[in-house]
There are 2 protein chains.
Amino acid sequence: MVKSAARLRLSPVQPGLCAKCPVRKFAAYSGVPASALKFLQSARSSDRIVPPRRNIFWEEKGADELFTLYDGWAFTFKLLADGRRQILEFLLPGSLIGMHALWFKAMPHSAQTLTSVSLCVFDKEKFRDLLRRKPEYERELLKYMTSSLAVRDRRLSDLGRRPAKERIARLILEIFGRLTARDMVDGHSFTFYPRQQHLADALGLTKVHVSRTLQVLRQEGLLELERDTATILDLKGLRELADYTETEASGW
Amino acid sequence: MVKSAARLRLSPVQPGLCAKCPVRKFAAYSGVPASALKFLQSARSSDRIVPPRRNIFWEEKGADELFTLYDGWAFTFKLLADGRRQILEFLLPGSLIGMHALWFKAMPHSAQTLTSVSLCVFDKEKFRDLLRRKPEYERELLKYMTSSLAVRDRRLSDLGRRPAKERIARLILEIFGRLTARDMVDGHSFTFYPRQQHLADALGLTKVHVSRTLQVLRQEGLLELERDTATILDLKGLRELADYTETEASGW
DNA sequence: CGGATTTTTGAAAACCATCAACGCGGGTGG
DNA sequence: CCACCCGCGTTGATGGTTTTCAAAAATCCG
């Protein structure tokens, strides 16, 4: 099963009509008013398939487009002068990518694919038109951004104040929650594309320490991470360890 | 001079007409269209003065109001179960506080004053009306939120990937930039209300380590922090150490 | 099967936390 | 006005978490 899911990434599902979009109820789309769908469709200038490990856009460069992720996994990140990387967000189907482009000349971060990915591409200007014509949608995006900021603040607390074990547990639980909302889990298992290096870069750790900490979590019977597959062995225990409340698991 | 500035906090400046508001060009207000001022004024249900070290609202509680900070310093933060604190953002005049209340039942963080503070208070429902009536303002807020998210992502990178010295340097430079935009600096000196414990909680460090690191920065002739006053001794050197580019210094 | 990527392991060191104590200074109350 | 108290910053000793460096083992992919 996992294998076939992984194989899927080689030819990602491609989007069709916005009105029938299956990811429409997720993330940035969750509140798109039906009346705006026509405009959303017309602002969508094209679709695009991007292979794994390719950048979608680059930090400090300009961008004329923004995207929604239709299928596949990706992430946003920043690079420091010495090459160290901080992953800011893992992008899942429904994620809106590159809003910054709407108003600013330079992107504040890069975006890169993890799997092969299919994107809905929106021309910057057309998207601005859409916002002007459909303030309800604009309002929905404002809500989406507010919620995104809250998620980012949780991660900030994790990096600032939690030890490695909790950081890892919480990130896995967060992704588990998002995937559950998308019906992309199989019981307590799910396909998981980030490598240990990605976890490290998202959590402010080194891959070595991530490796060691994952072993502890496995030995404690809480969590198992194999290549491309994560299995939560003890959800209750993991939540407890991670101090992860139910309310943290909704809405994006 | 510092003395008198500190004394000012005991009776903060109170707001008058939105149309003549001196902080209107900062942060959340920077793009308020003149046409929206009338509505902004009418959405403003009252003013409020809050003494130092008081919460403005509480994490996990609901809120019926949102605020803009008119005068004084404050910050937002989250508490962990064991009492550890993560400061998310320092709030300066012009900051919009508590947007989350517009759509969500529970606040994702708390807000607390550092000095005595004066707030413009907006009723949640009236503010929603304002957005409905003035989509230009709504659009401006969307831009503001986007930019806030980018700032948060910089801090995330700092916590994840930078050592204590750089974190401190960068936070000071960020605040210096924001204060400069507000004309609240005196050359390379400025009034600075956070204590070392606040820096620690914002940067994911302990107050002890902040103290030691500040001593190093002082000995290196880069930065001096006394009670209520910060002085940048060597701006160029500090920027270099902090890897702080000019573009990081604008727009919020 | 062979090369590349990813994960694991070990040893040593760096960075930062913890704990505890002391000093300084400002504000407050007697 | 002075003494006291409390918040805040400092200092030292010690320990833990995490990093670094290097290398080997495991896994994947073509």
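Chain letters run A, B, ... following the sequence lines, proteins first, then strands; residues in each count from 1.
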Measure from NE2 on His198(A) to C1' on dT6(C) and round the result to the nearest Å. 11 Å
Inspect the contact between Arg155(A) and Glu174(A) and indicate whether a charged nitrogen and a carboxylate oxygen are less than 4.0 angstrom apart. yes
Hey, can you tell me if Phe67(A) and Phe57(A) have their rings parallel, tilted or perpendicular (30° and 60° cut-offs)? parallel
Separation of atom OH in Tyr193(A) from atom P in dC28(D), rounded to whole Å: 14 Å
Starting at the 5' end of DNA chain C and moving along, which residue's nearest nucleotide shows up first, Gln197(A) or Gly160(A)? Gln197(A)
Below 3.5 Å, can you tabulate the donor-acceptor pairs from side chains in residues 212-225 of chain A to any protein atom, sequence neighbours excluded?
unit_1, atom_1, unit_2, atom_2, d
Thr213(A), OG1, His209(A), O, 2.7
Gln215(A), NE2, Ser211(A), O, 3.4
Gln215(A), NE2, Ser211(A), OG, 3.4
Glu220(A), OE1, Lys165(A), NZ, 3.3
Glu220(A), OE2, Lys165(A), NZ, 3.0

Would you tell me whether Gln14(A) and Asp47(A) have side-chain atoms, one donor and one acceptor, within less than 3.5 Å of each other? no
Do any side-chain nitrogens or oxygens of Arg218(A) fall under 4.0 Å of OP1 or OP2 in dT8(C)? yes
Atom CD of Glu60(A) with >12 non-hydrogen neighbours under 6.0 angstrom: no
If we ignore hydrogens and angles and just use 3.5 Å, is the side chain of Arg178(B) paired with the main-chain N or O of Phe90(B) as donor and acceptor? yes
Atom CD of Glu226(A) and atom C1' of dA26(D): how far apart are they, to the nearest Å? 14 Å
Between Leu159(A) (CG) and dT17(D) (C1'), how many Å, whole number? 15 Å
Where each residue is assigned the nucleotide of DNA chain D containing its nearest heavy atom, which of Lys165(A) and Arg195(A) is assigned the position nearer the 5′ end? Lys165(A)
Take atom CG of Asp201(B) and atom P of dC8(D), then tell me their distance rounded to the nearest Å. 12 Å
Hey, does the side chain of Gln196(B) come within less than 4.0 Å of dG7(D)'s phosphate (OP1/OP2), counting only N and O? no
Could you give the CZ-to-P distance, from Arg227(B) to dG7(D), as a whole number of Å? 11 Å
Parallel, tilted or perpendicular: which fits the ring planes of Trp73(B) and Phe192(B), with parallel below 30° and perpendicular above 60°? perpendicular
Closer to the 5' end of DNA chain C via nearest nucleotide, is it Pro194(A) or Arg161(A)? Pro194(A)
With a 4.0 Å cut-off on heavy atoms, is Arg84(B) in touch with a base, just the backbone sugar-phosphate, or nothing at all? sugar-phosphate
Can you tell me how far C1' of dT18(D) sits from CD of Glu166(A), to the nearest Å? 15 Å
Expected output is a numbered-order residue list: members of residues 202-217 of chain B with a heavy atom under 4.0 Å from any atom of DNA chain D. What is it? Val208(B), Ser211(B), Arg212(B), Gln215(B)
For Asp228(A) and dC28(D), give me the distance from atom CG to atom C1', rounded to whole Å. 10 Å
